[in-house]
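Some notes on the structure that comes next.
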2 protein chains.
Amino acid sequence: MPTMTAAQRRARAKEEYDAFLAACPSRQLLGRISDKWVALTIAALHDGGTLRYSELARRLAGVSQKMLTQTLRSLERDGLVTRTVTPTVPVTVEYTLTPLGASLQDLMLGIKGWAETHMSEVHAARERYDAIR
Amino acid sequence: MPTMTAAQRRARAKEEYDAFLAACPSRQLLGRISDKWVALTIAALHDGGTLRYSELARRLAGVSQKMLTQTLRSLERDGLVTRTVTPTVPVTVEYTLTPLGASLQDLMLGIKGWAETHMSEVHAARERYDAIR
DNA sequence: GGTGTCTACTCTCTATTGGAAAGTTACCAC
DNA sequence: GTGGTAACTTTCCAATAGAGAGTAGACACC
């Protein structure tokens, strides 16, 4: 077996997976990461920062505990964040991005930023649309 | 009223909107664009290409007609795509990205690409996780 | 004039998911 | 034993996603 560089492996991966195909595992992964809570969680955890559960809950204003826990669990399972329990009293649980998670950071910050910078244009488009239909 | 450059207006917009806040309109917009069908639709429509409804349905394998119509309607309303009806028999309906939609293209292609290139790493992480828990 | 075809929907029904709120566990201080 | 705290977990209901069948309008064929 010849050794491949990381770049070669990545190029190979892109040929093997195609999210346009319904049965491709990358379609399911796309569905998982195309989620506002995933975007906000990764955005909040940017720059290798570590946040506690309660800090994340405060940052992602309005998230339910159930959703936050669910999102963090799936990110942990997918290897995007690490979960560290410190046996203080009461326990503290900290979350940090893994290198894999960090590779998504820029895209997630980009999407959050896009929503913020283009909000007014979208709003204007909606007014125009609603005036006509 | 002093005139602002586009860059100034964009900078201003980023200060005014913050998707971390539950009540901010950009939070709702973030939720709308963090959607696998939105990502795939915009990815399929890349490079100013125009696609018919049936071509999109074929490209986004497995999408239900209801979901596709719903997604296209919301993209149209938000000013991201234009819908053009040509009165042939039967009618043909074509969809194209607007400049606003095109500004999301790279991010959407990026997310789709991320899912494809990192699928194997995520898969490996899941195996590790499931072996332990 | 009845039957069939085509595209782009639209409607209906059921399964899954999301959010709100209350409950749980574990430990310690008083 | 009462209260407080962090990080969940559970329950319930409303909203949404997906599967599948049905519709409209203009033909073309027989």
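These numbers were taken from a predicted model, which means no experiment stands behind them. Every chain is numbered from 1, with letters handed out A, B, ... down the list of sequences.
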Which residue pairs pass the salt bridge (charged side-chain N to carboxylate O under 4.0 Å, His left out) test when at least one of the two sits in residues 54-70 of chain A, sequence neighbours left out? none

Output the residues of residues 69-94 of chain A in contact with DNA chain D, where contact means a heavy atom of the residue under 4.0 Å from an atom of the strand; sort by number or write none. A:Thr69, A:Arg73, A:Arg83, A:Pro90, A:Val91, A:Thr92, A:Val93

Starting from P on C:dT14, measure out to CE on B:Met67 and report it in whole angstrom. 19 Å

Between which nucleotides of DNA chain D, 5' to 3', does chain A make heavy-atom contacts below 4.0 Å? D:dT5 to D:dT11

Those residues that, when tested against A:Lys112, pass salt bridge (Lys or Arg N to Asp or Glu O under 4.0 Å) (two or more places apart): A:Glu116, B:Asp18

Apply side-chain hydrogen bond (donor to acceptor under 3.5 Å, both in side chains) to A:Thr50 and list each qualifying residue two or more places apart in sequence or on a separate chain. A:Thr96

Please enumerate all residues that pass side-chain hydrogen bond (donor to acceptor under 3.5 Å, both in side chains) together with A:Thr92, with sequence neighbours excluded. A:Thr88

Distance in angstrom units between B:Arg58 CZ and C:dT7 P, rounded: 9 Å

Heavy atoms from C-beta onward define the side chain here; which of C:dC11, C:dG19, C:dA22 lies closest to that of A:Gln65? C:dA22

Within residues 76-99 of chain A or reaching into it, pairs that qualify as salt bridge (charged side-chain N to carboxylate O under 4.0 Å, His left out) - sequence neighbours excluded: A:Arg77-B:Asp130, A:Asp78-B:Arg126

C:dC13 P sits how many Å from B:Lys66 NZ, rounded? 13 Å

Do any N or O atoms from the side chain of B:Tyr129 and from the backbone of A:Ser74 form a donor-acceptor pair under 3.5 angstrom? no

If I take atom CG in residue A:Leu68 and atom P in nucleotide C:dA20, what distance separates them, rounded to the nearest angstrom? 13 Å

In this structure, how many angstroms lie between the P atom of C:dG19 and the CG atom of A:Leu60, rounded? 12 Å

Taking side-chain hydrogen bond (donor to acceptor under 3.5 Å, both in side chains) as the definition, give me every residue that meets it alongside B:Thr98, ordered by chain and number, with sequence neighbours left out. none

Would you say B:Arg52 reaches C:dT7's phosphate, i.e. side-chain N/O to OP1/OP2 under 4.0 Å? no

Just to verify, what does B:Ser54 make a side-chain hydrogen bond (donor to acceptor under 3.5 Å, both in side chains) with, not counting sequence neighbours? none

